[in-house]
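What follows is a short report on a single structure.
The sequence lines fix the lettering, A, B, ..., with proteins before strands; numbering per chain opens at 1. Predicted, not measured: the structure shown is a model, and the values here were computed from it.
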Amino acid sequence: MKILFFGTPRFAEIILQGLFDNNFDVVGVVCQNDKPAGRGNKMKTPHIVEIAREKGVPVYQFEKIREHIEDFKAMDYDLAVTASYGKILPKSFLDLKPCINVHPSMLPKYRGATPIQSALLNGDTMTGVSIMKTEVGMDDGDIFVQKEVEILPEDDYVSLLDKLAKVGLDLLIETLHKIENGNAIRTPQDDSKATFVKLIQKEDALLDFSMSAQSLVNKVRAFCENPVAFFHLGEDRIKVYKAKVANMSTDAPVGQIISTKKHFQIQAADGVFEILKCQASGGKVMDASSFLNGYRFKTMAVSL
RNA sequence: CGCGAGGUAGAGCAGCUCGGAAGCUCGCCGGGCUCAUAACCCGGAGGUCACAGGUUCAAAUCCUGUCCUCGCAA
């Protein structure tokens, strides 16, 4: 069975690599265009391109899928597989050949672009992965199989994504075999239970200390890779990569920095938020003790 | 040529404006105090101040070039 793979970021990389490792016949990889990124706005090629090229698999970076329907018609493949491709596939493409999708949530919960972050933000203790038929609608196709995955308190976006991708790979392989053998069964989603999650904006990552300490920690966990939770301290912007709820209570006002000696602690609405790993503008990411060793506090209250 | 910050001991920083004996916090090693400790006290090791040129009696500090790291914006 010849597979045409669609996907761009890390989640897709893991799935694609897994397909290669299990000797699936991937005949092409479609991913997003090179984009100007970082300092100097140099063009950056998605990392998945390297993974594909290592295997000698052709890579297609189409700006608009619907303008390349003829190209797809000319390709020799049996099934399209998508894994966080990042764009909605047009009906004209979906009508060509069957297409299935790996979605990191227990559909119909968390349809949309940010299921992993949303589960963390909401403090969920369980999430999962679904393999489904790709349809024109947003993540609303029939489900082949799905499996729950536990979210541990210490999980963050990166660790959870890795877990979900691995489970997703297993489920995908299982489904591919069933499709090949003609015994795949799929069941419709219960649309009445569907929930949707939106793209993340940079401002969503601002830490508002009038929220609970746990929800602040959840924000840090959800955004640890991008855009990274942050707050303003005087003129500086501090990005927080890792944090926990400190087991203590004070009567300090919200946003007050409680300790800068051994611990970097800030008062939140209902408790104390402790920073474990952070970064100031222009500086490197460092653990709290290193940060506190050198940082010169000009103010002891977070700008709200 | 998008805007900006920075490279000084194992880590994080000050010193640079106004050139003139390398400092601070933490860690590490040794000793002391303590019922005890992430606490406290005393002592110690550890740095060609990113690299290369230049100016100077003298450069971490001034000038020129190179390499590297990072924040913002897209």
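B:A45 and B:C63 have their P atoms separated by 35 Å, given to the nearest Å. Between B:A60 and B:G47, the two C1' atoms lie 11 Å apart (nearest whole Å). B:C40 and B:G46 are spaced 24 Å apart, taking the C1' atom of each and rounding to whole Å. Going from the P atom of B:G7 to that of B:C62 covers 12 Å, rounded to whole Å. For the C1' atom pair drawn from B:C33 and B:A11, the interatomic distance equals 28 Å after rounding to whole Å. Across the C1' atoms, B:A52 and B:G15 are found 24 Å apart, a figure rounded to whole Å. A distance of about 28 Å separates the P atoms of B:U56 and B:C67, rounded to the whole Å. Going from the P atom of B:A50 to that of B:A39 covers 32 Å, rounded to whole Å.
With rounding to the nearest 0.5 angstrom, the CD1 atom of A:I100 is 10.5 Å from the CG atom of A:L171.
Under the 3.5 Å distance criterion, the side-chain polar atoms of A:Q256 are left unmatched by any main-chain donor or acceptor of A:Q267. Side-chain N or O atoms of A:N22 include none that pairs as donor or acceptor with a backbone N or O of A:L19 at under 3.5 Å.
Of all nucleotides in RNA chain B having an atom under 4.0 Å from a heavy atom of chain A, the first and last in 5' to 3' order are B:G2 to B:A74.
Side chains of A:D34 and A:Q61: a donor on one and an acceptor on the other come within 3.5 Å. One side chain, A:N33 or A:E63, offers a donor N or O that lies under 3.5 Å from an acceptor on the other.
Remark on RNA chain B: of its neighbouring residues A:S281 and A:H263, the 5'-side contact belongs to A:H263, judged by nearest-heavy-atom nucleotide. For the pair A:M286 and A:G282, nearest-nucleotide mapping onto RNA chain B gives the more 5' position to A:M286.
For A:F297 and A:F264, the distance between ring centers is under 6.0 angstrom. Annotation: A:H177 is in aromatic contact with A:F24 [ring centroid separation under 6.0 Å].
Within the shown strands, nothing qualifies as a pairing partner of B:A9 under the Watson-Crick or G-U definition with both distances less than 3.5 Å. The nucleotide B:C33 finds no pairing partner, because no Watson-Crick or G-U wobble arrangement with both distances shorter than 3.5 Å includes it. B:C49 makes up no base pair with any nucleotide shown, lacking Watson-Crick or G-U wobble contacts both under 3.5 Å. Judged by Watson-Crick or G-U wobble contacts below 3.5 Å, the nucleotide B:G4 has B:C70 as its partner. In this structure, B:G20 forms a base pair with B:C57, meeting either the Watson-Crick or the G-U wobble geometry with both donor-acceptor distances under 3.5 Å.
Near RNA chain B, meaning a heavy atom under 4.0 Å from it, residues 217-236 of chain A has no residue at all.
At a threshold of 4.5 Å between side-chain heavy atoms, the hydrophobic network of Ile, Leu, Val, Met, Phe, Trp and Tyr places A:V57 and A:Y60 in two separate groups.
Across all strands shown, A:R39 has heavy atoms under 4.0 Å from base atoms, whether or not it also approaches the sugar-phosphate. Nucleic acid contact for A:K202: sugar-phosphate only, since backbone atoms but no base atoms lie under 4.0 Å from a heavy atom of the residue. In this structure, A:K35 reaches neither bases nor backbone, as no heavy-atom distance under 4.0 Å exists between it and the strands shown. Among the protein residues, A:A37 comes within range of the nucleic acid bases, having at least one heavy atom under 4.0 Å from a base atom.
Taking a cutoff of 4.0 Å between a charged side-chain nitrogen and a carboxylate oxygen, A:D170 and A:K147 do not qualify as a salt bridge.
Geometric assessment of A:K178 against the ring of A:F144 yields a negative cation-pi assignment under the 6.0 Å and 45° thresholds.
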